[in-house]
Student: 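Once you've had a glance at the structure underneath, I'll fire off some questions.
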Amino acid sequence: MASPTLTITDNRTGKRYELAIEHGAIRAPDLAQIRVAPSEPGLVSYDPALLNTAACKSKVSYIDGERGILRYRGYPIEELAEKSSFLETAYLIVKGELPTTSHFKMWQRNITMHTLVHESVRHFIEGFRYDAHPMGILIATVGALSTFYPEAKHVTDLESRRVQTRRLIGKMPTIAAFAYRHSRGLPYVYPDNDLSYTGNFLSMMFKMTELKYRPDPVLERALDVLFILHADHEQNCSTTTMRVIGSSLADPYSAVAGAAAALGGPRHGSANEEVVHMLHEIGSADRIPALIKQVKAGERRLMGFGHRVYKNYDPRARVLRESCHEVLNELGIKDEPLLDLAMELEKISLNDEYFISRKLYPNVDFYSGIIYKAMGFPTSMFTALFAIARTVGWVAQWTEMIEDPDMKIGRPRQLYTGSPRRRYVSLDKRG
Ligand code: ACO
């Protein structure tokens with residue numbers, strides 16, 4: 001069968017062009033040949049927010065937004081959440097295959113031996129104000145790691161990339177936990193490498209005077225599942241930031257700092273924090289209609305609802321909705337008003353024409369905050385938890401980009417809509 005093509009007729013000139021279609025896409029640079037005259041600029045595609053532009057080819061994760069499907073390297077997210085562990089899923093995402101037992105042990109050891117941070121990193125964190133938001137500390141500190149590992153700038157060196165990948169996955173929980181302890185004026189807890197990845201993180205967060213912290217297995221598993229669900233999500237805002245920064249061949253610590261900064265916005269990863277604030281603000285179910293009215297009037301958004309790609313229930317939210325009940329039951333929390341309120345809000349919204357017509361469903365952030373809260377995490381840590389898990393996706397996508405023969409520095413075009421050429425008038429003549 002002949003390769004698929006697209007024929008375009010330029011009605012300005014009457015000329016016809018045949019563009020190749022590959023993977024369901026035309027190459028935007030092929031449009032550049034379409035021009036009114038040889039001296040005129042070629043056609044570009046205008047796509048603010050990259051609504052319909054594939055900026056890369058990727059094998060890491062797959063989303064079918066219409067059907068509510070998410071897979072990492074071909075494995076459905078629901079299956080990984082049920083059967084895998086976060087570190088095993090991290091291996092899958094970074095390396096492309098599930099590990100054998102011996103490879104998994106080596107991976108676990110390699111990540112674990114990178115959990116400590118240099119003492120100067122601790123001093124650096126101590127320099128922040130007592131009330132600094134943990135995300136601000138996390139972003140700045142992960143960026144500062146590039147000064148501790150200057151060899152990280154050798155991004156085209158495979159071995160260097162592997163070491164920085166392990167360091168980033170190993171150190172993000174330590175930095176996040178130190179950021180929290182700093183904000184509480186609590187002594188920092190050093191990593192305990194006898195514990196699992198999430199068990200150690202819980203220890204660094206919550207250990208007080210006990211000699212050995214023993215994580216509650218329910219919380220440990222729940223956090224593991226949360227981390228699995230947040231590990232990668234295709235070309236979202238923060239991953240795109242990671243790729244664009246990385247495309248200049250900047251070191252991965254600087255790129256992760258940028259990606260984490262993008263994640264920190266309320267339309268992206270800090271929506272989980274905003275959901276809990278919103279539920280507190282609503283307070284009781286009888287106030288939901290007033291909120292919905294404000295949302296419909298365009299005065300505010302329902303946080304934790306809507307998604308650029310999912311036009312169906314976010315599969316991660318479905319897993320978390322179930323997980324919410326399980327975690328609360330296991331913790332013996334009989335009544336969690338925020339969960340009751342969230343479910344009522346979901347029920348009302350999903351039956352409302354405004355939400356139905358716009359295909360707005362709960363996203364991953366709608367329920368994650370409620371679980372984090374029940375687990376004892378302060379609201380200000382929610383996005384940092386997201387960042388720990390998403391670091392895996394960021395580094396996997398960054399490596400994929402560096403190894404991609406199509407890779408070039410990210411540099412979109414613009415449509416200039418400003419003034420035509422003007423003459424400079426000196427200041428004293430400007431009246
Ligand atoms: N509440 C109310 N209305 C909404 C919401 C919402 N949460 N989200 C979208 N809409 C409406 C918009 O007002 C718009 O309506 P209009 O056509 O009448 O103007 C329509 O739905 C389409 O919205 P867009 O902003 O064009 O959708 P986009 O794909 O650009 O935005 C986003 C996606 C940013 C996630 C948006 O749905 C949103 O702001 N949601 C709330 C924040 C949130 O939960 N973010 C977390 C996303 S998941 C993640 O990052 C991990």
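Remember, it's 1-based here, ligands and their atoms both numbered in the order they're listed. One-based numbering along the sequence shown.
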Student: Classify the side-chain pair H182/Y188 by whether it contains a donor and acceptor separated by less than 3.5 Å.
Tutor: yes
Student: If we ignore angles and hydrogens, is there a donor and acceptor under 3.5 Å between the side chains of S45 and D47?
Tutor: no
Student: Before accepting this row, confirm whether a basic side-chain N of the pair E403/R161 lies closer than 4.0 Å to the acidic partner's carboxylate O.
Tutor: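 Looking at R161 together with E403, the answer is yes, because their closest N to O distance falls below 4.0 Å.
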Student: Can you tell me if NE2 on H103 sees more than 12 non-hydrogen neighbours from other groups inside 6.0 Å?
Tutor: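 No - once you tally the heavy atoms of other residues, nucleotides and ligands closer than 6.0 Å, there are 12 at most.
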Student: Assess, by modelled atom type and distance only, whether the side chains of Y367 and E322 contain a donor and an acceptor separated by less than 3.5 Å.
Tutor: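 No, no side-chain donor-acceptor pair sits under 3.5 Å.
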Student: Could you find the nearest protein heavy atom to atom 30 (O) of ligand 1 and give me its residue, atom name and distance?
Tutor: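 The closest one turns out to be R308 NH2, 2.8 Å.
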Student: Determine, considering heavy atoms only, which of F305, Y361, Y310 sits nearest to atom 40 (N) of ligand 1.
Tutor: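 Among F305, Y361, Y310, the closest heavy atom to atom 40 (N) of ligand 1 belongs to F305.
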Student: Would one find an N or O of K311, backbone or side chain, under 3.5 Å from an N or O of ligand 1?
Tutor: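 No - when backbone and side-chain N and O of K311 are compared with those of ligand 1, no distance drops under 3.5 Å.
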Student: Under a 4.0 angstrom heavy-atom cut-off, which atoms of ligand 1 come close to G304?
Tutor: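 So the atoms of ligand 1 that pass are 43 (C), 44 (O).
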Student: Around atom 39 (O) of ligand 1, find the nearest protein heavy atom and jot down its residue, atom name and distance.
Tutor: R301 NH1, 2.9 Å
Student: Can you tell me which residue and heavy atom of the protein come closest to atom 50 (O) of ligand 1, and the distance to 0.1 Å?
Tutor: H268 ND1, 2.8 Å
Student: Select the closest option to atom 46 (C) of ligand 1 among D365, I292, V364, judged by heavy-atom distance.
Tutor: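 Nearest heavy atom to atom 46 (C) of ligand 1 lies in D365.
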Student: Where is the nearest protein heavy atom to atom 42 (C) of ligand 1: which residue, which atom, and how far?
Tutor: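 Ranked first by proximity to atom 42 (C) of ligand 1 is M303 CE, 3.5 Å.
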Student: Around atom CD of E97, are there more than 12 heavy atoms from other residues, nucleotides or ligands closer than 6.0 Å?
Tutor: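 Open: at most 12 neighbouring heavy atoms sit under 6.0 Å from CD of E97.
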Student: Checking side-chain contact (heavy atoms from CB on, under 4.5 Å) for the pair H114/L168: CA distance, chi angles, key distance, verdict?
Tutor: CA-CA 8 Å; H114 286 297; L168 275 159; over 6 Å; no
Student: Taking the six-membered ring of Y354, is the NZ or CZ of R358 close enough (under 6.0 Å from the centre) and on axis enough (within 45°)?
Tutor: yes
Student: If the cut-off is 4.0 Å to any non-hydrogen atom of F386, which atoms of ligand 1 fall inside it?
Tutor: 51 (C)
Student: Return the closest protein heavy atom for atom 4 (C) of ligand 1 as residue, atom name and distance.
Tutor: L360 CD1, 3.5 Å
Student: Between S84 and T89, is there a side-chain donor-acceptor contact under 3.5 Å, judged purely by atom types and distance?
Tutor: yes
Student: Which residue and non-hydrogen atom of the protein lie closest to atom 45 (N) of ligand 1, and at what distance in Å?
Tutor: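 The closest one turns out to be R267 O, 3.1 Å.
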Student: I need the atoms of ligand 1 closer than 4.0 Å to a non-hydrogen atom of A271, numbered in the order shown.
Tutor: 43 (C), 44 (O), 45 (N), 46 (C)
Student: In the complex you have, is atom 26 (O) of ligand 1 within reach of the protein, judged by whether a heavy-atom distance drops under 4.0 Å?
Tutor: no
Student: Name the closest protein heavy atom to atom 21 (O) of ligand 1, giving the residue it belongs to and the distance to 0.1 Å.
Tutor: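 Heavy-atom neighbour on the protein nearest atom 21 (O) of ligand 1: R358 CD, 3.4 Å.
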Student: Please report whether atom 18 (O) of ligand 1 has a protein non-hydrogen atom at a separation of less than 4.0 Å.
Tutor: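 Under the 4.0 Å cut-off, atom 18 (O) of ligand 1 does have protein heavy-atom neighbours.
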Student: To which of N363, L302, L263, V309 does the heavy atom nearest atom 6 (C) of ligand 1 belong?
Tutor: L302
Student: Are the side chain of R166 and the backbone of W107 linked by a donor-acceptor contact shorter than 3.5 Å?
Tutor: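 No.
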Student: Heavy-atom contact check, 4.0 Å cutoff: does F366 meet ligand 1?
Tutor: no
Student: To which protein heavy atom is atom 35 (C) of ligand 1 closest, and what is the distance rounded to 0.1 Å?
Tutor: G306 O, 3.7 Å
Student: Under 4.0 Å from a heavy atom of Y354: which atoms of ligand 1 are those, numbered in the order shown and with their elements?
Tutor: 2 (C), 3 (N), 4 (C), 11 (C), 13 (O)
Student: Checking the side chain of T399 only, and the main-chain atoms of A396 only, is there a donor and an acceptor separated by less than 3.5 Å?
Tutor: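 Looks like no, no N/O pair under 3.5 Å.
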Student: Are any of the N/O atoms on R316, whether in the backbone or the side chain, positioned under 3.5 angstrom from an N/O atom of ligand 1?
Tutor: no
